[in-house]
Visitor: 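Would you mind keeping the following structure in view while I ask a few things?
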Amino acid sequence: MDAICVRGGNPLFGEVRIQGSKNAVLPIMAAALLINDICIIENCPRITDVEYMKLLLSEAGCFVSHSDRKLVIDARCATGERMSKEAVTGMRSSIMLLGAMLGRFGKISSSYPGGCVIGKRPIDIHIRALKKMGVRVREEADGFTAKASHLKGCILNLPFPSVGATENVILAAVKAEGDTYLYNAAKEPEIVSLCAFLNKAGAQITGAGSDRIKITGQKPLHGITYRVPADRIVAGTYVCAVLGAGGHVLLRDAPYGEMESMVRIATLAGAEVAWSGEGLSVLMEQKPRPIANVKTAVYPGFPTDLQSPLLAALTAAEGVSVLEETIFEDRFRIVGELQKMGADIRIEGQKAIVKGGSRLRGACVSAGELRGGAGLVIAGCMADQETVITNRHFIDRGYEDICRDYQNLGVNIVAGKTE
Ligand code: EPZ
């Protein structure tokens with residue numbers, strides 16, 4: 001089985017270049033499908049979720065080539081209406097192609113995207129919004145068919161600022177007749193980068209980054225070159241690693257302006273965090289201070305994707321910390337694995353109460369999903385002796401080469417296989 005082996009117990013020293021953002025590049029790849037031209041996407045991370053999206057775009061008739069971190073998508077011959085079940089169920093964010101396929105072809109047949117261990121991951125908000133734009137949806141046994149003879153702009157108010165639903169509405173509205181006004185839109189930086197990509201290609205979108213976005217439909221779109229911003233969640237993961245293990249690191253290209261909530265928490269925990277002009281410098285010379293109450297929230301609140309990495313780090317704090325998960329219903333899968341390493345954590349509803357102070361001990365643990373897996377690697381860096389983390393493939397979905405990054409920070413870590 002694919003695994004990672006870490007021999008921890010030492011502080012981290014060194015520097016890491018932060019990769020391009022997974023959650024920014026995936027909707028941008030979907031947006032390229034809307035453009036009957038060639039798009040070049042630079043700083044594209046080499047992760048398996050990008051591989052899945054490349055497969056889906058190829059199935060839709062695009063020509064996709066990827067060398068190093070430059071992705072070329074030629075959508076001039078795109079014709080697809082159907083995506084393979086394995087590709088769609090293999091990757092949750094395939095649902096992002098819903099808006100783009102409707103915008104380009106007016107039709108899509110798809111399986112329901114896989115849920116995952118962090119929650120049911122419904123798409124009701126997506127479907128309800130698209131129906132208001134004129135999409136007819138027929139639910140079938142193992143999926144659905146969505147059709148729109150023509151998409152029409154309208155006024156939409158999302159019941160929850162869903163990131164994916166915001167992205168799908170934008171992707172469909174770019175091709176709709178008239179204007180679309182989207183209220184209670186998600187404000188995540190990934191929405192801003194998607195709209196920057198589309199506006200550079202000729203779209204007319206205002207308000208990205210706020211909860212009110214206006215999209216003027218049917219502006220002619222042309223191919224562009226666009227550079228994917230750095231991944232704020234990968235950068236935040238490594239901030240949590242330094243909080244837990246100690247040390248002094250430089251995170252080159254970290255998107256400092258998008259990390260305010262992580263920087264605030266790190267400072268509360270006792271870290272010295274500063275922007276050095278080249279990257280984010282994080283210095284931690286003592287055990288982290290416990291944090292009485294961290295609540296995940298939509299942007300600009302503390303990101304749910306950093307909840308597990310922070311939970312792992314706070315097992316080193318002398319005292320009690322409380323983390324509350326408000327976005328997903330089942331995002332504490334890492335707790336059972338951390339308990340195998342000696343962590344004192346109990347769950348009360350949507351809260352994890354961490355009684356820290358004793359050093360974690362090495363163990364054989366298993367990643368259950370992407371960010372929980374990243375949290376276990378942090379725990380491995382903190383624990384003395386050796387920790388083996390199986391199911392590395394979950395981590396490879398969002399981290400280009402987590403072993404390479406930690407090796408650059410002086411960690412004794414290797415990727416391998418267990419019998
Ligand atoms: C995006 O997922 C990210 N994924 C997630 O990152 C991230 O955790 C999440 O946004 C929140 O920031 C990508 O961008 C590819 P949502 P998404 O729609 O769009 C509920 C990672 O680790 N909901 O904002 O699926 C949903 O169940 C991943 O990189 C509905 O009920 O998130 C969840 O509880 C994990 N109905 C909440 O809203 C819907 O129709 C937030 O979901 C849609 C969502």
Side-chain angles (χ1 to χ4, degrees), residues 19-31 45 47-50 52-53 56 88 90-99 112-132 137 144 146 156 158-171 182 184-194 211 228-229 231-237 240 258 261-262 296-310 325-334 350 367-375 394-400 402:
Q19 68 185 58
S21 165
K22 166 177 92 76
N23 292 348
V25 74
L26 294 174
I28 285 170
M29 292 173 74
I47 54 177
T48 49
D49 268 14
V50 165
Y52 262 122
M53 191 60 98
L56 290 170
V88 170
M91 181 183 71
R92 153 93 200 152
S93 32
S94 57
I95 198 58
M96 214 163 291
L97 279 173
L98 185 54
Y112 283 106
C116 56
V117 291
I118 65 176
K120 294 187 297 295
R121 312 296 294 273
I123 58 170
D124 55 311
I125 300 175
H126 301 243
I127 298 294
R128 195 179 313 136
L130 292 170
K131 280 182 173 174
K132 279 196 76 174
V137 179
F144 63 90
L156 294 167
L158 297 183
F160 174 85
S162 155
V163 173
T166 298
E167 289 162 347
N168 261 328
V169 166
I170 290 168
L171 291 166
L182 179 56
N184 200 26
K187 300 189 277 190
E188 272 68 9
E190 292 75 35
I191 305 296
V192 175
S193 61
L194 172 63
D211 60 0
V228 175
D231 194 313
R232 63 191 173 100
I233 302 302
V234 170
T237 302
C240 291
E258 300 170 4
S261 59
M262 179 72 255
T296 63
V298 297
Y299 193 83
F302 186 73
T304 174
D305 295 346
L306 289 175
Q307 179 255 101
S308 290
L310 182 62
E325 174 56 56
T326 70
I327 303 295
F328 288 103
E329 62 266 30
D330 194 4
R331 205 164 197 180
F332 287 129
R333 291 298 180 100
I334 189 178
Q350 285 298 91
E369 40 86 24
L370 168 56
R371 305 304 175 181
F394 283 116
I395 302 170
D396 294 342
R397 283 191 48 209
Y399 296 79
E400 264 191 358
I402 204 162

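Both counts, for ligands and for their atoms, begin at 1 and track the order of listing. Nothing fancy with the numbering, it's 1 onward along the sequence.
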Visitor: Can you find an N or O of Glu167 that's nearer than 3.5 Å to an N or O of ligand 1?
Guide: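 Glu167 vs ligand 1: no N/O contact under 3.5 Å.
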
Visitor: Test of understanding: given a 4.0 Å heavy-atom threshold, classify the contact between Val298 and ligand 1 as side chain, backbone, both, or neither.
Guide: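 Neither; no heavy atom under 4.0 Å.
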
Visitor: Does the N or O separation between Asp124 and ligand 1 drop below 3.5 Å for any pair?
Guide: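 Yes, at least one N or O pair falls under 3.5 Å.
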
Visitor: Salt bridge check, Arg331 against Asp305: does any charged N sit closer than 4.0 Å to a carboxylate O?
Guide: yes

Visitor: Ignoring hydrogens, just give me the one of Thr304, Thr166, Val234 whose non-hydrogen atom is nearest atom 11 (C) of ligand 1.
Guide: Thr304

Visitor: Could you pull out the closest heavy-atom pair between Ile123 and Phe144, with the gap in Å?
Guide: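 Shortest heavy-atom separation between Ile123 and Phe144 comes out as CD1-CE2, 4.0 Å.
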
Visitor: With the threshold set at under 4.0 angstrom, would you say Glu190 reaches ligand 1 through any of its heavy atoms?
Guide: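 Contact absent.
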
Visitor: Using a 4.0 Å heavy-atom cut-off, which part of Arg331 comes near ligand 1: side chain, backbone, both, or neither?
Guide: side chain

Visitor: How does Arg371 reach ligand 1, by side chain, by backbone, by both or by neither, if only non-hydrogen atoms under 4.0 Å count?
Guide: side chain

Visitor: Answer yes when Lys187 and Asp211 have at least one side-chain N-carboxylate O distance shorter than 4.0 Å, and no when they do not.
Guide: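 Salt bridge flag = no for Asp211 with Lys187.
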
Visitor: Looking only at heavy atoms, what is the nearest atom pair of Ser308 and Arg371, with distance?
Guide: CB-O, 3.6 Å

Visitor: Below 3.5 Å, N or O to N or O, backbone or side chain included: is there any such pair between Ala165 and ligand 1?
Guide: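 N/O-N/O distance under 3.5 Å: no.
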
Visitor: Can you find an N or O of Gly164 that's nearer than 3.5 Å to an N or O of ligand 1?
Guide: yes

Visitor: Would you please say whether a donor-acceptor pair under 3.5 Å links the side chains of Glu325 and Gln307?
Guide: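 On atom types as modelled, these side chains qualify, holding a pair under 3.5 Å.
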
Visitor: Can you see which heavy atom on Ala146 is nearest to which on Leu98, and at what distance?
Guide: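 Ala146 and Leu98 have their closest heavy atoms at CB-CD1, 4.4 Å.
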
Visitor: May I ask which of Asp49, Ile95, Asp305, Ile125 has a heavy atom nearer to atom 23 (N) of ligand 1 than the others do?
Guide: Ile125

Visitor: Is a donor on one side and an acceptor on the other found under 3.5 Å between the side chain of Thr166 and the backbone of Ala186?
Guide: yes

Visitor: With heavy atoms of Lys22 as the reference, note each atom of ligand 1 found under 4.0 Å away.
Guide: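 Once the distances to Lys22 are compared, the set is 21 (C), 29 (O).
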
Visitor: Enumerate the atoms of ligand 1 whose separation from the nearest heavy atom of Phe328 is less than 4.0 angstrom.
Guide: 8 (O), 33 (C), 34 (O)

Visitor: Ignoring angles and geometry beyond distance, decide whether Phe160 reaches within less than 3.5 Å of ligand 1 through its nitrogen or oxygen atoms.
Guide: no

Visitor: Would you say ligand 1 has an N or O under 3.5 Å from any N or O of Asn23?
Guide: yes

Visitor: Check whether Gln350 reaches the backbone of Phe328 with its side chain - one donor and one acceptor, N or O, closer than 3.5 Å.
Guide: yes

Visitor: Taking Asn168 for its side chain and Gly99 for its backbone only, find out whether a donor-acceptor pair lies under 3.5 Å.
Guide: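 Present.
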
Visitor: Could a heavy atom of Pro122 be found less than 4.0 Å from some atom of ligand 1?
Guide: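 Per 4.0 Å heavy-atom rule, Pro122 contacts ligand 1.
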
Visitor: Roughly how far, to the nearest 0.5 Å, is CD of Glu190 from OH of Tyr299?
Guide: 8.5 Å

